[in-house]
Amino acid sequence: MEVQTNSNERPSLNFLEEIIENDLKNGVHKSILTRFPPEPNGYLHIGHAKSICLNFGLAKKYGGKTNLRFDDTNPTKEDVEYVDSIKEDIQWLGFQWANEFYASDYFEQLYQWAVKLIEKGLVYVDDQTLDEIRQNRGTVQLPGKDSPYRNRSVEENLKLFSEMREGKYADGEKILRAKIDMAHPNMHMRDPIMYRIINTYHHRTGDKWCIYPMYDYAHGESDSIENITHSICTLEFDVHRPLYDWFIEKLEIFPSHQYEFARLNLSYTVMSKRKLLQLVKENYVSGWDDARMPTICGLRRRGFTPESIRNFCDSIGVAKRDNIIDYGRLEFALREDLNKRANRVMAVLDPIKLIIDNYPENQTEELEAINNPEDETAGTRVLPFSKELYIERDDFMENPPKKYFRLAPNQEVRLRYAYFVTCTSVDKDEEGNITAIHCTYDPASKGGNSPDGRKVKGTIHWVCAKSCIDAEVRLFDRLFMNEIPEKVEEGQTFLDNLNPDSLKIVSNAKLEPSLKDVKALDKFQFERLGYFSVDYDSKEDNLVFNRTCTLKDSWTKQN
RNA sequence: UGUCCCGUGGUGUAAUGGUAACACAUAUGAUUUUGGUUCAUACAUUCCAAGUUCGAGCCUUGGCGGGAUAACCA
């Protein structure tokens, strides 16, 4: 039977790709320019990664470029600390911007344009207090009231605005507003504020300015200055679009266009910068790069690769409907990547001694192990083996259930890459706790196969007691217990949903000796346990591994 | 309650008027020196109603449901 293939089939495009392809086809633009516009007031998180992959990805796909532009219009909240981390994270993700810009680069131009709008009679200086402005804005159902200062003369507005810039007024004393419509059904069109007075040092412009443009006036105009063709942002800016267009139209400048997509929500995690900041400030986590944080630096420390994050972002799609992506989706992307790339090693997290009674007392053997069965070029390594080993405590059961394939009295298993062993007895202390397991081995099964062709159901990992090395291993679980952490009972906050067991520290893990010289961020698969990455805290004499995620486990799941 | 956006398997995304596809998850089975990987199979008539049409997930109207929006934040 022939497989039906239709080479003329239209590739499935997301709505942004469709818009771009149409613009290109119809000659609206010859090439495209996007931008990633973070405010330097926090660290980037996985939600930003979606936006980064989108903006840089779209530009790359259609042969365009992407600018990095810091939206630094509010000096009271922003800091260079954040600028540096943002740049580092974008590059780590694998993207390079065409230009590094700042909204503050455009303050003079923005000011001149504001003057132009005043001259056109479209903008005025308002003396109302913050409260009055709020009052007079009306509500979603009730129209607002015009400011008593709304009809000042152009000359007076010009003079006042100039004085605002010169620093004649205190914070809040005067603001500049666009004169649109105080009864507009869209609240953002009710004479929106363009400039406010903030007498604060700015991390880039210093004390040069004491008036700062608001987002609505700065963002679209910055897009226009840079000739951004497609200004892509999240859904909540949809209601700002009429204003975005209004300024550009009145200013008669390059017509950038704004398009909105649904932000990423990940189950069991919070994404708002405010909440993440709170977790850091109130010490619920150790910092922005705590391995349980959904920040880029947190995911990096946890052991995620840039490739896995990019693949994740590409796989979740882009649309306009609200969504909650299953956290497992991120883990899938990680496993898919690391399965092909991470070398396998053996590590025992909860060690119990296994003594091979019929193995020669002082003998040591070297056994060959495959580094990565998914990648032949990864080669092999040598594992030391001797009479006393450590195995995982839960790889032994005295009274096993029916389908338990691991070690149990009189049950034979394979020690990976080593021998078949059969459990003969256990040692116990006075309380009845098992202190060691005894077994015998079959010398003919060296390497893990018996010449008589006999099969064993289970294969377990181990390390040699004499030559293994110690390590600390940090086991992470989801930070929150609920799929939607902010969904809480009356009187509770998302903090009430914090998972008290999100971090478990194993201090006496035993690793095979090949792991002696690892560096921070090195990644491995600990066979049968999961993917692990070396933490920044790791030192030569005190290794620290982070569990990035477990392997899929169809055994514990059904038990 | 005004305005705007959005409703397709458990979760995401596709189907661009021609009879619901892909991925994740889940379940079962096969293979396996990782209870991993890989492979196979199963799992929705598209929020509701009416209309247009030979034909509607897609177009129209009306409901219903979810979200955004009333910072001198972005």
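Chain letters run A, B, ... following the sequence lines, proteins first and then strands; every chain starts at 1. Bear in mind the structure is a predicted one, so any value in this text is a computation, not a measurement.
In terms of position along RNA chain B, the nucleotide closest to A:Lys320 lies nearer the 5' end than the nucleotide closest to the other residue of the pair A:Ile133 and A:Lys320.
Which of B:rA14, B:rA74, B:rG36 sits closest to the side chain of A:His240 comes down to B:rA74. Checked against B:rC72, B:rA14, B:rU34, the side chain of A:Ile175 finds its nearest nucleotide in B:rC72. Considering only the side chain of A:Arg137, B:rA71 comes nearest among B:rA71, B:rC73, B:rG12. If you check B:rG35, B:rG2, B:rA71 against the side chain of A:Val140, the one that comes closest is B:rG2. When distances run from any side-chain atom of A:Leu130 to the nucleotides B:rC5, B:rC72, B:rU34, the shortest one goes to B:rC72. Nearest to the side chain of A:Leu551, among B:rU34, B:rG35, B:rU69, sits B:rU34.
Rounded to whole angstrom, the span from the CZ atom of A:Phe405 across to the C1' atom of B:rU32 amounts to 12 Å. Here the P atom of nucleotide B:rA71 and the CG atom of A:Asp131 are 11 Å apart, to the nearest Å. Atom CD of A:Glu336 is separated from atom C1' of B:rG36 by 15 Å (rounded to the nearest Å). If you take CZ of A:Arg263 and C1' of B:rA74, they are 11 Å apart, rounded to a whole angstrom. In this structure, A:Met214 places its CE atom 6 Å from P of B:rC72, rounding to the nearest Å. A straight line from NE2 of A:His219 to C1' of B:rC73 spans 14 Å, rounded to a whole angstrom. One can place CG of A:Asp181 at 13 Å from C1' of B:rG2, the figure rounded to the nearest angstrom. For A:Leu407 and B:rG35, the CG to C1' distance is 15 Å, given to the nearest whole Å.
When the C1' atom is used for both B:rU46 and B:rU41, the distance is 25 Å, rounded to whole Å. Comparing B:rG12 with B:rA25, their C1' atoms sit 11 Å apart, to the nearest whole Å. Rounded to the nearest Å, the gap between the P atom of B:rC64 and that of B:rC54 is 32 Å. Taking atom P in both B:rU60 and B:rC4, one finds a spacing of 15 Å when rounded to whole Å. Rounded to a whole angstrom, the distance from the P atom of B:rG7 to that of B:rG57 is 15 Å. Between the P atoms of B:rC24 and B:rG36, the separation comes to 16 Å (whole Å).
For A:Ser554, a side-chain nitrogen or oxygen approaches OP1 or OP2 of B:rG36 to under 4.0 Å. Taking side-chain N and O atoms only, A:Arg196 has a distance below 4.0 Å to OP1 or OP2 of B:rA74. Contact annotation: A:Arg321 side-chain N/O to B:rU13 OP1/OP2 distance is under 4.0 Å.
The existence of a salt bridge linking A:Glu17 and A:Lys61 is confirmed by a sub-4.0 Å separation between a basic side-chain nitrogen and an acidic carboxylate oxygen. Between A:Asp191 and A:Arg150 there is a salt bridge, since at least one side-chain N of the basic residue sits less than 4.0 Å from a carboxylate O of the acidic one. Looking at A:Glu368 and A:Arg381, no side-chain N of the basic residue comes within less than 4.0 Å of a carboxylate O on the acidic one, giving no salt bridge.
If you check residues 184-191 of chain A against RNA chain B, the residues with a heavy atom closer than 4.0 Å are A:Pro185, A:Met187, A:His188, listed by number. If you check residues 456-464 of chain A against RNA chain B, the residues with a heavy atom closer than 4.0 Å are A:Thr459, listed by number.
Aromatic stacking of A:Trp555 on B:rG35: satisfied, with centres closer than 5.5 Å and planes within an angle under 30 degrees.
Residues satisfying the side chain to side chain donor-acceptor pair (under 3.5 Å) criterion with A:Glu366, sequence neighbours excluded, are absent altogether. In terms of the side chain to side chain donor-acceptor pair (under 3.5 Å) criterion, A:Glu173 has no residue partners (sequence neighbours excluded). Taking A:Asp127 as the reference, A:Val125, A:Tyr149, A:Arg152, A:Lys174 meet the side chain to side chain contact (heavy atoms under 4.5 Å, CB included) condition, with sequence neighbours excluded. Applying the side chain to side chain donor-acceptor pair (under 3.5 Å) test to A:Asn199 and every residue at least two apart in sequence or in another chain returns A:Asp171. Evaluation of the side chain to side chain donor-acceptor pair (under 3.5 Å) rule for A:Lys145 yields no partner, not counting sequence neighbours.
Residue pairs meeting the salt bridge (Lys or Arg N to Asp or Glu O under 4.0 Å) criterion with at least one member in residues 328-339 of chain A, sequence neighbours excluded: A:Glu331-A:Arg335, A:Asp337-A:Arg341. Within the structure, ring-ring contact (aromatic ring centres under 6.0 Å, His included) contacts touching residues 176-195 of chain A (residues at least two apart or in different chains) are A:Phe161-A:Tyr195, A:His188-A:His240, A:Tyr195-A:Tyr217.
Among the heavy atoms of the strands lying under 4.0 Å from A:Arg406 is at least one base atom, whether or not backbone atoms are also near.
A donor and an acceptor atom sit less than 3.5 Å apart, one in the side chain of A:Glu374 and one in the base of B:rG36.
Residues A:Phe480 and A:Tyr268 keep their aromatic ring centres 6.0 Å or farther apart. Between A:Phe545 and A:Phe532, a ring centre-to-centre spacing not shorter than 6.0 Å is recorded. Residues A:Tyr212 and A:Phe107 place their aromatic rings such that the two centres sit under 6.0 Å apart. If you look at A:Phe312 and A:Phe332, their ring centroids are not closer than 6.0 Å. With ring centers used as reference points, A:Tyr531 lies 6.0 Å or more from A:Phe526.
A:His461 approaches A:Met346 most closely through the heavy-atom pair CB-SD, 3.5 Å. Between A:Phe420 and A:Gly448 the shortest heavy-atom distance is CE1-O, 3.3 Å. Closest approach of A:Gln258 to A:Phe237, counting heavy atoms only: NE2-O, 2.9 Å.
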Review item, nucleotides 21-29 of chain B N/O atoms under 3.5 Å of protein N/O:
{"residue": "B:rU26", "atom": "OP1", "partner": "A:Lys557", "partner atom": "NZ", "Å": "2.7"}

Below 3.5 Å is the cut-off: list the nitrogen or oxygen pairs between protein and nucleotides 65-68 of chain B, distance only.
{"residue": "B:rG67", "atom": "O4'", "partner": "A:Asp322", "partner atom": "OD2", "Å": "3.4"}
{"residue": "B:rG67", "atom": "O2'", "partner": "A:Asp322", "partner atom": "OD2", "Å": "3.3"}

In dot-bracket form, how is RNA chain B paired, counting a Watson-Crick or G-U wobble pair only if both its distances are under 3.5 Å and using | for bases paired to another strand? .((((((..((((....[..)))).(((((.......)))))....(((((..]....))))))))))).....
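Judged by a 6.0 Å distance limit and a 45° cone about the ring axis, A:Lys275 is positioned over the six-membered ring of A:Phe494.
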